[in-house]
Amino acid sequence: MENLLNLLVYFAFFQSIFLLGLFTLSPAQRVRINGYFIVLAAVLLIGLSGRILYLSEVFGRNARLITLSEFATLLFGSSIFLFSRAALLHRPFAYRDLWHYGPAVVYNLGMIAFFILPSDQTLGERMANGTFYRTVTFFVGFGLLFNITYWVLSLHIFLRFRRQLTDEVSYSVRSRFFLIFLIAVGVCLAAWLGVYLQSIASGNFIARPTTQLIWLGLALLILFLAYYGIREPELYQIVTPSPVGKYAGSRLSEEDLNRLKEKLDRLMLEQKPYLNRKLLKAELAELLGVSSPELARLLNENIGMNFFEYVNYFRIKEFVALARSERAQHLTLFGLAQEAGFNSKTTFNKAFRELMGSSPGAYLKSWRKMSE
């Protein structure tokens, strides 16, 4: 087990160097990579360096070298938060945001003062009187609280991003990848918290192999995310956000809204823009001759749906019409759904159930029985 952990440490260390080197030496990749990927890679390099020095015995088996790896503890949470915000809310890298690392600087200065600078004799005395254990417990607890707080903030950003999407796009986006990443980080933090609470209950130090395994789990997850950010940067380049303000710039009267509703209904029936599987609210607004906030106001106040629900309503009507035509003999249910404008089977099934009260298959089976 220990040999496997050591191999993972070396793998993560050299992968971090590779990512940093790629960013430094490749101008093309520098443009594509989210700036916080580099911060994350640098954080990992800091944390892994102490473990590498300890394992390689360049300076002997000095336990203080392991303490160097703890320097990255408070850098994880804030880095994940800043990356999430930059990727999902289109907030580019900015030096002013580095204040989020302020607590980490204070934390690391405290680590140096208590664990690295004191002599072996002083550390021995602290271990004998219990001060060492209490201080370690405090540092680990504070680091956990800090990282969990920033993880919760990252999750909040993701959920906010998902809510915004339903009012901007009419198709399913690949946000599940990011959700899985946040869940995996949450699992690592939950395991870390469980081990921490167990160590307090038992009055013993946290077992180092256990914390090393959790720490490496976080490191490998971040490296995995960074790798895919380089390979598929479009994962996080989904849609431009709306103007600030719920209905910024909208001066439409009730009469205007009623007139636009009739115009929009004709547009949807005659031009069928919903057949575009990646229709954006901005595109539909342009066809209607209004701004995006004005279309949002029309949908929410006069129709009672958001953009995502409204477009999928017409797609379901189109699907039902296709399913009752000769096209149904040559295509699967999802093939018909794609013809109607859906790009995701999951989205199609969910939207159909919400509107029609049954699955597509059950609905068509019932319709065929009634038609016989």
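For the ring pair (Phe, Tyr, Trp, His ring centres under 6.0 Å) condition, the pairs that include at least one residue of residues 312-337, sequence neighbours left out, are Y274-F314, Y310-F314, F319-F348, F319-F352.
Placement of L117 and V106 in two distinct hydrophobic clusters is found when ILVMFWY residues are connected by side-chain heavy-atom separations under 4.5 Å, directly or transitively.
A salt bridge links R297 with E301: the closest approach of a Lys/Arg side-chain nitrogen to an acidic carboxylate oxygen falls below 4.0 angstrom.
Side-chain contact between L193 and L197 is present, with heavy atoms from C-beta onward closer than 4.5 Å. Side-chain atoms of L280 and F307, non-hydrogen and from C-beta on, never get closer than 4.5 Å to each other. E294 has its side chain out of reach of L260: every pair of non-hydrogen atoms, C-beta onward, lies at least 4.5 Å apart. Under the 4.5 Å side-chain criterion, counting only non-hydrogen atoms from C-beta, N306 is in contact with N300.
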Given Y101 and S79, is the side-chain hydrogen bond (donor to acceptor under 3.5 Å, both in side chains) satisfied, shown in steps?
CA-CA 8 Å; Y101 294 107; S79 295; 2.7 Å; yes
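Taking the six-membered ring for Trp and the full ring otherwise, the centers of F139 and F115 sit less than 6.0 Å from each other.
Across all their heavy atoms, I112 and P118 have their closest contact at O-CD, 4.1 Å.
Residue L298 is tested with D256, V290, L288 for a side-chain contact (heavy atoms from CB on, under 4.5 Å); the sole match is L288. The side-chain contact (heavy atoms from CB on, under 4.5 Å) with L264 is formed by just one residue from the set L269, L295, L287; it is L295.
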